[in-house]
Amino acid sequence: MYGKAFAPEYRGALGELSVNSSLEEVLAKAVEQQRQAQLRGAAVESAHAALAVAEASRRLGLVAEAERAWRASYRAARQAGDEGAMAWAVWSGGTLARQRGALALARRLLALAAGLAERGGDVVARGYSLAGLAETGRIQGDYEAVGELHEQLLAEARRRGEARHTVWALEGIAQMHRNTGSYDTALAMFEEAAEIAGDADDARGRAWALRGIADVLSLRGETARALELLTGAETTCRRMRLVSALAYNHKMRGNVLFRAGRFEEARATYGGALEEFRAMDEPRGAALATLGLVKARARLGRAAAETAADLDALRHTLGGLGLLHARDMVDAARAELGLADVPTAPVR
């Protein structure tokens, strides 16, 4: 039903690169290809190469380099009058904005990318841009607005036999089910995503799916199995240098350890993940790791008033990122830690 996963963001002369190519390899080849294209005055090829530079840089946590590269890709594509290539560049910029926590900017850029792709007749770029919009809404917690779009994109991906996008959509829908308490449904969808990704040789997609499976299993108390799955996913992340995915893997390991009552290990793991997120300028991940760290410190004896103050600051930070469920997240942490009656600072 599904063929091998492919990476449409590696375009032109770089189209031979695999979804599993190491990011250092992608970056090195793309930089050289961009240099050669610029020397030849080949605008479209320059746009393709700069896009690959942007995506490899983003996934390596090289934020400034990724920003420069997607803009260079857009300028070259505009010079060539290629709206499809322009769409891919703006999609990359929107994806970077989401990674950096600028969710409103991400939505604007991804909507612009979808429009460019439609005018340029690039069906795949349009699909990726709509998927980016759906993921941004899901991250914000606006499930009602983007749930139907996720389902639509899943149906389209299944119809076309696109393994990579099927895996993405399954993981997104599974995450929404997990967050709303439908654990059995979430687990089944994460497991299907892992199977499809494995069959399609999509190592990155499988690593994210394993993280989801580990999350649900740990909620059921299956700590050892969850940690084993995260270790397997971590191996993939390190081999491919998936810096962001590795940080989220470590944050999830902290969650698993915390749920198992291994609070000192959780504290250390959350602290390491926090440093990783800060190093790549990923504020949403940093805030979520901080939430785990605050909870672990509370279980290790931090004073209730200090913990409450930390949670109030986090509510402000998370809300400032546009996360619609920030208040619910903090209120849940307060209840979990027995701090529901400790005064809450007003939200500004």
**Q.** Exceeds 12 heavy-atom contacts within 6.0 angstrom, atom CZ of Arg206
**A.** no
Q) Do other residues, nucleotides or ligands put more than 12 heavy atoms under 6.0 Å from Gln36 CD? A) yes
When you check the gap from the basic side-chain N to the acidic O, do [X] and [Y] get nearer than 4.0 Å?
{"X": "Glu135", "Y": "Arg138", "answer": "yes"}
{"X": "Arg220", "Y": "Asp215", "answer": "no"}
{"X": "Glu55", "Y": "Arg58", "answer": "yes"}
{"X": "Arg334", "Y": "Asp312", "answer": "yes"}

Q. Ring centroid separation for Trp88 and Tyr74, is it under 6.0 angstrom?
A. no
Q: Return each pair, listed once, that meets ring pair (Phe, Tyr, Trp, His ring centres under 6.0 Å) where at least one residue sits in residues 22-58; pairs must be two or more places apart or across chains.
A: none
Looking only at atom types and distance, does a side-chain atom of [X] sit under 3.5 Å from a main-chain N or O of [Y], one as donor and one as acceptor?
{"X": "Ser57", "Y": "Ala54", "value": "no"}
{"X": "Asn249", "Y": "Leu230", "value": "yes"}
{"X": "Ser129", "Y": "Ala125", "value": "yes"}
{"X": "Ser73", "Y": "Ala69", "value": "no"}
{"X": "Ser46", "Y": "Ala42", "value": "no"}

Q. Which heavy-atom pair separates Gly61 from Val243 by the least distance, and what is that distance?
A. N-CB, 4.4 Å
Q) To the nearest 0.5 Å, how far apart are CG in Asn20 and CD in Glu25? A) 11.0 Å
Q.
Taking the cut-offs as 6.0 angstrom to the six-membered ring centre and 45 degrees off its axis, would you call Lys251 and Phe277 a cation-pi pair?
A. no
